[in-house]
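These notes concern the structure reproduced below.
Hydrogens, waters and symmetry mates play no part in the numbers below; they use all other heavy atoms, side chains included.
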Amino acid sequence: MLNIFEQADLSKPETIPATLVGVHIVIDCATARPEEPIKTVDWEGKVALIQCAKAMGIQKYVFYSIHNCDKHPEVPLMEIKYCTEKFLKDSGLTHIIIRLCGFMQVNSPKLKVLTSDTVFSIPMTETYNLLGVDFKDIITLEKYLQDYFTNILKKLKDLKAQSKQSDIFIRRNIILLL
């Protein structure tokens with residue numbers, strides 16, 4: 001169940017503890033927006049979140065990192081993601097690190113990694129075979145989320161729900177599971 005009652009802002013570590021009350025699993029896929037300093041959100045905020053999760057006895061911490069981040073310290077976001085991985089490992093929390101290929105840091109002047117011969121995709125055939133999944137049955141995360149939120153908004157309209165906001169969003173992409 002999504003913890004919708006409290007919202008945390010990684011640039012304001014004092015907002016984190018209240019969001020973790022009653023939570024057992026943290027799925028952390030947050031990253032700084034282009035107009036924000038990545039050190040504040042992706043390092044200082046993550047350190048505070050991991051420390052708070054440890055202090056509050058979170059059972060599992062899932063962290064979304066970047067594929068090959070350990071090989072490109074010249075790219076600030078990749079270096080911070082790798083440092084966060086190490087910090088999480090050293091924290092003693094039960095954790096899972098998922099290295100995604102889809103992160104982009106638009107405010108980085110060092111995008112040469114993306115223009116180099118470095119491959120940032122991995123064939124999924126072996127994974128699909130291991131899981132017994134037909135690739136034709138797979139949809140993108142973007143399509144899934146688009147369909148999901150379209151259905152939620154439709155149900156809210158059917159229930160004549162009203163909101164003072166025109167958009168529904170999850171602040172900072174911190175998903176907290178109860």
Side-chain angles (χ1 to χ4, degrees), residues 1-12 15-38 40-42 45-46 49-50 52-53 58-69 77-78 80-81 84-85 88 95-108 111 114 119-178:
M1 173 183 260
L2 184 63
N3 184 352
I4 59 173
F5 303 107
E6 297 289 339
Q7 293 183 351
D9 184 335
L10 291 177
S11 65
K12 299 174 183 170
T15 65
I16 296 171
T19 62
L20 297 180
V21 173
V23 171
H24 302 286
I25 301 170
V26 172
I27 300 174
D28 175 4
C29 55
T31 195
R33 296 178 189 102
E35 69 275 7
E36 297 174 315
I38 62 170
T40 302
V41 174
D42 286 280
K46 299 298 179 104
L49 179 59
I50 292 166
C52 192
I58 296 298
Q59 294 172 2
K60 187 174 286 181
Y61 192 104
V62 180
F63 177 63
Y64 286 87
S65 188
I66 303 175
H67 178 64
N68 285 337
C69 62
L77 183 60
M78 293 180 90
I80 288 174
K81 290 287 187 182
T84 304
E85 287 181 11
L88 179 58
H95 65 276
I96 297 171
I97 296 172
I98 300 172
R99 286 186 166 185
L100 302 173
C101 300
F103 277 88
M104 302 297 251
Q105 185 181 3
V106 296
N107 59 351
S108 172
L111 293 176
L114 298 177
V119 176
F120 277 89
S121 65
I122 299 170
M124 294 299 294
T125 308
E126 184 179 343
T127 303
Y128 293 156
N129 290 338
L130 272 169
L131 297 173
V133 174
D134 186 340
F135 78 94
K136 294 175 197 152
D137 296 331
I138 302 298
I139 63 171
T140 65
L141 178 59
E142 180 180 3
K143 174 73 172 130
Y144 172 81
L145 291 174
Q146 185 179 44
D147 291 349
Y148 176 81
F149 285 109
T150 298
N151 287 333
I152 293 292
L153 289 173
K154 183 184 180 307
K155 287 182 183 194
L156 288 172
K157 285 179 184 177
D158 290 347
L159 294 171
K160 298 187 182 352
Q162 294 181 350
S163 173
K164 294 179 183 175
Q165 297 179 359
S166 60
D167 296 326
I168 296 174
F169 62 95
I170 301 169
R171 187 172 180 97
R172 287 259 181 244
N173 297 327
I174 298 176
I175 301 172
L176 305 172
L177 302 176
L178 297 174

If you take all heavy atoms of Ala53 and Leu20, which pair is closest and at what distance?
N-CD1, 3.8 Å
With rounding to the nearest 0.5 angstrom, report the SG to CG distance, Cys69 to Leu77.
9.0 Å
Under the criterion side-chain contact (heavy atoms from CB on, under 4.5 Å), which of Ile97, Asp42, Ile50, Asp28 is the partner of Thr84?
Ile50
Just verifying a value: how many Å separate Ile96 CD1 and Ser65 OG, rounded to the nearest 0.5 Å?
14.0 Å
Which pair of heavy atoms, one from Ile16 and one from Gly45, lies closest together, and at what distance?
CD1-O, 4.0 Å
Hey, what do you get for CD1 (Ile98) to CD1 (Ile66), rounding to the nearest 0.5 Å?
14.0 Å
Test side chain to side chain contact (heavy atoms under 4.5 Å, CB included) on Leu10 and Thr40; report intermediate values, then the result.
CA-CA 8 Å; Leu10 291 177; Thr40 302; over 6 Å; no
Let me see the working for Thr31 and Tyr64 under side chain to side chain contact (heavy atoms under 4.5 Å, CB included), right down to the final yes or no.
CA-CA 9 Å; Thr31 195; Tyr64 286 87; over 6 Å; no
In the structure I gave you, are the side-chain heavy atoms of Lys81 and His67 within less than 4.5 Å of one another anywhere?
no
Could you please spell out the steps behind the side chain to side chain contact (heavy atoms under 4.5 Å, CB included) verdict for Thr125 and Phe135?
CA-CA 8 Å; Thr125 308; Phe135 78 94; over 6 Å; no
Distance in Å, Met78 CE paired with Arg99 CZ, rounded so as to fall on 0.5 Å steps:
8.5 Å
For the atom pair CD1 (Ile138) and OH (Tyr128), what is the distance rounded to the nearest 0.5 Å?
4.5 Å
Going from CD on Glu36 to OG on Ser11, what distance comes out if it is rounded to the nearest 0.5 angstrom?
6.0 Å
Minimal heavy-atom distance between Ala32 and Pro37, with the atoms involved, is CB-O, 4.2 Å
